[in-house]
Protein chains: 2
Amino acid sequence: MARKIPEGEFRNKERTKLKLIQAVGVIIRTEGYTKLGVNRIADTAGVSKKLIYRYFGNADKLIETYVKGEDYWMMFSTSDQEPIEESVEDQGQAAIARMLKSLYEHLESSPEARKIIVWEISEKSQLMKEVSQNREKFGAPILAQLDAFFDSSDIDIRGILSLLLGGIYYINLHSNSTGGNFCEIENQSEERKKRIFKSLEAILEWTYEEAGKQKTREKTPSK
Amino acid sequence: MARKIPEGEFRNKERTKLKLIQAVGVIIRTEGYTKLGVNRIADTAGVSKKLIYRYFGNADKLIETYVKGEDYWMMFSTSDQEPIEESVEDQGQAAIARMLKSLYEHLESSPEARKIIVWEISEKSQLMKEVSQNREKFGAPILAQLDAFFDSSDIDIRGILSLLLGGIYYINLHSNSTGGNFCEIENQSEERKKRIFKSLEAILEWTYEEAGKQKTREKTPSK
DNA sequence: GAATTTTGTCACCACTTGGAGATATAATGA
DNA sequence: TCATTATATCTCCAAGTGGTGACAAAATTC
């Protein structure tokens, strides 16, 4: 018969594992993913590094359990995300605008999220590949819903959105590190956010407008 | 009287300095900036690391002389960059489109350029801050020229451009590492480039169109 | 109580890092 | 030819890396 797992006050496997996992988060937040190693992790967890090997195999596996436990897979706060169907009449324009804005705000407010993104584009690791792929999987149904409206137009909604998404990512990553201006827009200011949001909305507006124009032209092919 | 600098076949200061500087480039290209250190640099240069300290002070100074010697300051191939004035009638629309496209192609074809950008957004180093600031300085006159056209409109050309520039950066950085799709657009394909270019042109077109509309409305304030 | 198993620490290994001092040697000037 | 000087290498150091085996101590079972 298997022996009961010790759950004493001083020796408690699960508690120690949690300490190690949380230490990973602390290090990413304060020192960056580059500093993730058995020694640092064990030190910040206040525990022997030997346990990392015993409980997780190695540092990578431990990091993996941390990253997969967080919701970096989506990057959106799923709570304030009303269903897209709610906005059928505007073909999801408002919903997309909301998503892009909340992505911006999430990146702006979460140093950890920024660090993870930088991590993704810095290394060719299997872990980061998975994180990236899962984000794609998350976006798929949203893109599928947009196709209904844009398929009949000349607009490449995926092309437009990758530019906007990439722009949001980069602008926030840029401010994270060097801190200088970008396109002469001051860094990390309310002013910048306002300007980016306005431009974002304008581009989306034009995109939908153009697609709408092409749709009506299609219905009434007379010049 | 100062002694002549030795220029022998075996002992030649300038040649050795060049070897070290070039080694920096090799490492960035093949292993990434994270691997830049006295030991690696000296090894790839095939020279004693002591010389890095004698000739440059430390590794950072050596790296600085390398980076400043390259044209990462601008990121555009200045050769095919016709003067913007050439296109006064379209208010620089074609010139901007050309610049954005050539930036995309430069990032696409140069792993080193991508690595430098990742470097910029990864670390808070003085060197990378300077690189970033100089790029800003390079863009300033271009932005200034656009103001003449956009100032009287509601369009925030700097906001639009930071989204587009950031988008171009991110799309290429993303493909560099994980390699997965982005917004369901396949990676590093001619297809992707075509789609991004088309979206880029569309957004620019809408931007200029809208600004033009507001300009004529201004001239004839009648509704 | 004693025996056993799990949890945890510690000391150690080989290796790499940035950096410095001692020393050898090639290039120069006489 | 021989001393001087700049160039280059070599060895050593302390600190940090990932990883492991020996051992202590707590929790469990008998």
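Each chain gets a letter, A, B and so on, in the order the sequences are listed, and its residues count up from 1. Everything numeric in this text was worked out from a predicted model, so none of it was measured.
- Residues satisfying the salt bridge (Lys or Arg N to Asp or Glu O under 4.0 Å) criterion with Glu186(B), sequence neighbours excluded, are absent altogether.
- For the pair Arg40(A) and dT17(D), the criterion of a side-chain N or O lying under 4.0 Å from OP1 or OP2 is met.
- One finds no side-chain N or O of Asn58(B) lying less than 4.0 angstrom from the OP1 or OP2 phosphate oxygen of dG19(C).
- The ring pair (Phe, Tyr, Trp, His ring centres under 6.0 Å) pairs that include a residue from residues 4-56 of chain A are Tyr33(A)-Trp119(A), where partners are two or more places apart or lie in different chains.
- The local environment of NZ in Lys129(B) is sparse, with at most 12 non-hydrogen atoms from other residues, nucleotides or ligands closer than 6.0 Å.
- Every residue was checked against the salt bridge (Lys or Arg N to Asp or Glu O under 4.0 Å) condition with Glu123(B), not counting sequence neighbours, and none meets it.
- Checked against side chain to side chain contact (heavy atoms under 4.5 Å, CB included), Lys194(A) has no partners two or more places apart in sequence or in another chain.
- The CG atom of Asn12(A) sits 12 Å away from the C1' atom of dG8(C) (whole-angstrom rounding).
- Distance from the side chain of Phe10(A) is smallest to dA26(D) among dA26(D), dT29(D), dG8(C).
- At whole-Å resolution of the value, CZ in Arg15(B) and P in dA26(C) are 13 Å apart.
- Rounded to an integer number of Å, the gap from OH of Tyr55(B) to P of dA6(D) is 11 Å.
- Rounded to whole angstrom, the span from the CG atom of Asp43(B) across to the C1' atom of dG18(C) amounts to 13 Å.
- For residues 170-199 of chain B, the pairs satisfying ring pair (Phe, Tyr, Trp, His ring centres under 6.0 Å) are Tyr169(A)-Tyr170(B), Tyr104(B)-Phe197(B), Tyr170(B)-His174(B), Tyr170(B)-Phe182(B), His174(B)-Phe182(B), with sequence neighbours left out.
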- Task: Go through the steps to decide whether Gln188(B) and Glu108(B) satisfy the test side-chain contact (heavy atoms from CB on, under 4.5 Å), and finish with yes or no.
- Result: CA-CA 8 Å; Gln188(B) 274 168 322; Glu108(B) 188 185 35; 5.5 Å; no

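- For Asp147(A), the side chain to side chain donor-acceptor pair (under 3.5 Å) partners two or more places apart in sequence, or in a different chain, are Arg158(A).
- Contacts between residues 44-54 of chain A and DNA chain C, defined by a heavy-atom separation under 4.0 Å, are made by Val47(A), Ser48(A), Lys50(A), Leu51(A), Arg54(A).
- Of the residues in residues 16-38 of chain A, those placing a heavy atom less than 4.0 Å from an atom of DNA chain D are Gly37(A), Val38(A), in numerical order.
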Determine all donor-acceptor pairs shorter than 3.5 Å in which one atom belongs to a side chain in residues 14-26 of chain B; sequence neighbours excluded.
residue	atom	partner	partner atom	Å
Arg15(B)	NH2	Glu9(B)	O	2.4
Thr16(B)	OG1	Asn12(B)	O	2.9

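- Atom CD1 of Ile63(A) is separated from atom P of dG18(D) by 9 Å (rounded to the nearest Å).
- We find that CG of Asn39(A) is positioned 13 Å from C1' of dC13(C), with the value rounded to whole Å.
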